[in-house]
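The structure appears below as structure tokens.
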Amino acid sequence: MTEPEPEAKPSRAVPELAAEPGPGGKSRKTAVGEATEPKSFGLSFLDALREGNSVTVTVLAIVTATVVGGLLSAFTNPAVLHASAGDIIPQAWKAAAATYVALFEGSIINPHTVAGLFQQAGLPTALHDGYFSAVFNPLSETCVAATPLILAGLAVALPYQAGMFNIGGQSQLISGLIIAAWLGYDVNLPPFIHVVVCVIGGFAGGAVLGWLVGEIKARTGAHEVIVTIMLNYVMQYLLAFLLSSQSMLEAPGANNPVTPVIAADAQLPHLFGANLRVNVGFLIALACAIGVWWLMNRTTVGFEMRAVGASPSAARVAGMKVERAWVLVMLIAGGLAGLAGSTIVQGTAFSLNSSTYGTYGIDAITVALLGRGKPAGVVWAGLLFGALTAASGQMQSAANTPAQIVQVLGAVIVLFIAAPPLIRTMFRLRATRAGGVGTTLSKGWNA
């Protein structure tokens, strides 16, 4: 007689566990099919913040730069340095706030002038008395300072997308300055035609120098960085030579190395009257930014340029003419830098001397890198630097901020905005995926 089999006890099925991302990036085990309670808004917001996407990094960079810049401006202020121990923090806060208020009033709009506009007997009378110009003068000066920076920045950003690094914006800008100034004072043409010819001449002057760089690289393999750096010195000394002889560019009877003033019909017209210096050059800069975006994203030529920048060897295997792309991109870039020179001499300077070109060609490198090599980013970066330039006088007079600290503020802002990995490290953000913001600035130099 066989014994009855023991009754099988009901087994408890162990639910299969699945990993689910939890707060702080750690995964927690939850049963499959088991309802997970939704995260609160606060946890979801923190998770999105820790992801470290481009928007988060940019916002944190601006906030960090603002705080560090405020500390620098506060603790270099004479009132703070001579304040008593108990009065340091209030004085520091007051100095930092005054610096940023002066930056806003000197680059965008001054509320005091707005109040003066509406306190007049009548608005039309106030407009005729110049209050309208006073209200928008800071914004006008920001656009004026940003115009050559945007154009020269595009001259660096365009080759950057094609895997090249154009350090020769300074020489190309000087070449455009020379041609535009010479056409402006030495050639007699009808009014509208004269200004257009000068603008085209400025583009051509820079384009010739850019073409030369691309041709040398295509034929000999010489690195564009070395060639463009050397051309910067060549054009600076060439300009000094031309300005030293009255048979060349120097104005007759002038004691200083300066060209004659260009004709009135060769000057770029103002957009909002003679009292505001913003001129058609700003519209040219915006149009060029749109044109560069269209070229790189909507044309076959732009696709080939980007393919060459990604991998010249792969582009050559695919049948693309790499050398032709190098020559073409440098020609266009040189023309953009030459346009920057023409907007300076035709828009604000009206004559050419040994200091007219300033440091626009060097600052353009920073503008292009800060703008991530994209046309829209270059426009915003150019406006940022233009605002700092336009407000520097207001910051020194109203907030007692030293001129050197104004330059340091710009450098600090660039440092934090242009270095996403630094921001991620400071705020312990998660690493981005390949091809994200962190890798945007790592390509180039034909690596």
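In this chain, numbering begins with 1 at the start of the sequence shown. Basis for what follows: all heavy atoms, side chains included, without hydrogens, waters or symmetry-related copies.
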Pair Gln236-Ile174, side-chain contact (heavy atoms from CB on, under 4.5 Å): steps then yes or no: CA-CA 7 Å; Gln236 287 177 18; Ile174 292 173; 3.7 Å; yes

With rounding to the nearest 0.5 angstrom, report the CD1 to OG1 distance, Ile167 to Thr228. 5.5 Å

For a side-chain contact (heavy atoms from CB on, under 4.5 Å) check, start with the C-alpha distance between Thr366 and Phe385, then their side-chain angles and the critical distance, and finish with the verdict. CA-CA 10 Å; Thr366 308; Phe385 273 81; 3.7 Å; yes

Can you measure from CD (Glu105) to OH (Tyr100) and round to the nearest 0.5 angstrom? 15.0 Å

pair Val144-Leu276: side-chain heavy atoms closer than 4.5 Å: no

Would you call Tyr160 and Phe165 a side-chain contact if the rule is heavy atoms closer than 4.5 Å? yes

If you define the side chain from C-beta out and look only at heavy atoms, does anything of Phe303 sit under 4.5 Å from Met320? yes

For residues 323-338, which residue pairs pass the salt bridge (charged side-chain N to carboxylate O under 4.0 Å, His left out) check, not counting sequence neighbours? Glu304-Arg324, Arg316-Glu323

Name all residues meeting the salt bridge (charged side-chain N to carboxylate O under 4.0 Å, His left out) criterion together with Arg298; count only those two or more places apart in sequence or in a different chain, and write none if there are none. none

Between Pro148 and Ala340, the two heavy atoms sitting closest are O-CB, 3.6 Å

How many angstroms lie between OH in Tyr357 and CG in Leu177, if you round to the nearest 0.5 Å? 10.0 Å

State which residues pass side chain to side chain contact (heavy atoms under 4.5 Å, CB included) with Ile108; sequence neighbours excluded, sorted by chain then number. Phe104

Looking at every non-hydrogen atom in both residues, tell me the closest pair between Val197 and Leu183 and how far apart they are. O-CD1, 3.7 Å

Can you measure from CD1 (Ile178) to CG (Leu238) and round to the nearest 0.5 angstrom? 5.0 Å

How close do Pro375 and Gln161 get, counting heavy atoms only, and between which atoms? CD-NE2, 4.1 Å

Counting C-beta onward and ignoring hydrogens, is there a side-chain heavy-atom pair between Val378 and Val156 closer than 4.5 Å? no

Listed partners of Gln267 passing side-chain hydrogen bond (donor to acceptor under 3.5 Å, both in side chains), at least two apart: none

Where at least one partner belongs to residues 170-182, residue pairs that pass side chain to side chain donor-acceptor pair (under 3.5 Å), sequence neighbours excluded: Asn166-Gln172, Ser171-Asn232, Trp182-Asp186

What residues, two or more places apart in sequence or in another chain, satisfy side chain to side chain contact (heavy atoms under 4.5 Å, CB included) together with Pro260? Tyr185, Ala251, Pro252

List the atom of Leu243, the atom of Leu352, and the distance in Å for their closest heavy-atom pair. CD2-O, 3.7 Å

Any non-hydrogen side-chain atom of Leu139 less than 4.5 Å from a side-chain atom of Ile109? no

Any side-chain heavy-atom pair from Lys217 and Val227 closer than 4.5 angstrom? no

Check: Ser245 side chain, Leu242 main-chain N or O, donor-acceptor pair, under 3.5 Å: no

To the closest 0.5 Å, what do you measure between CD1 (Ile284) and CG (Leu151)? 8.0 Å

Among residues two or more places apart or on two chains, list those pairs meeting side chain to side chain donor-acceptor pair (under 3.5 Å) that have a residue in residues 140-156. Glu141-Arg277

Once rounded to the nearest 0.5 Å, what's the spacing between atom CZ of Phe203 and atom CD1 of Ile179? 13.5 Å

Grab the two heavy atoms, one from Met164 and one from Met330, that are nearest each other, plus how far apart they are. CE-CG, 3.5 Å

Is it true that a side-chain atom of Thr359 and a backbone atom of Ile362 form a donor plus acceptor pair closer than 3.5 Å? no

How would you list all residue pairs meeting side chain to side chain donor-acceptor pair (under 3.5 Å) that involve residues 191-200, not counting sequence neighbours? His194-Asp265

Is it true that a side-chain atom of Gln394 and a backbone atom of Leu103 form a donor plus acceptor pair closer than 3.5 Å? no

Sequence-distant partners of Ser355, side-chain hydrogen bond (donor to acceptor under 3.5 Å, both in side chains), two or more places apart: Asn353

Using modelled atom types and a 3.5 Å cut-off, is there a donor and acceptor pairing between side-chain atoms of His223 and backbone atoms of Val225? yes

Is there a donor-acceptor contact under 3.5 Å from the side chain of Asn77 to the main chain of Ala79? yes

Pairs flagged by salt bridge (charged side-chain N to carboxylate O under 4.0 Å, His left out) wherever residues 142-167 is involved - sequence neighbours left out: none

Begin with the C-alpha distance, continue with both residues' side-chain angles, and end with the deciding distance and a verdict on side-chain contact (heavy atoms from CB on, under 4.5 Å) for Cys288 and Leu339. CA-CA 10 Å; Cys288 287; Leu339 272 180; 3.7 Å; yes

Between Phe192 and Val196, is any pair of side-chain heavy atoms under 4.5 Å apart? yes

Tabulate below the donor-acceptor pairs under 3.5 Å that side-chain atoms of residues 69-76 make, not counting sequence neighbours, or state none.
residue	atom	partner	partner atom	Å
Ser73	OG	Gly69	O	3.1
Ser73	OG	Gly70	O	2.9
Thr76	OG1	Leu72	O	2.7
Thr76	OG1	Ser73	O	3.4

List the atom of Ile423, the atom of Ala61, and the distance in Å for their closest heavy-atom pair. CD1-CA, 3.8 Å

Could you walk me through whether Thr343 and Thr348 pass the side-chain contact (heavy atoms from CB on, under 4.5 Å) test, one step at a time? CA-CA 8 Å; Thr343 59; Thr348 55; over 6 Å; no

Just so I know, are the side chains of Met305 and Leu328 near enough to count as touching, which here means a heavy-atom distance under 4.5 Å? yes

Hits for side-chain hydrogen bond (donor to acceptor under 3.5 Å, both in side chains) against Asn297, two or more places apart or cross-chain, chain-then-number order -> none

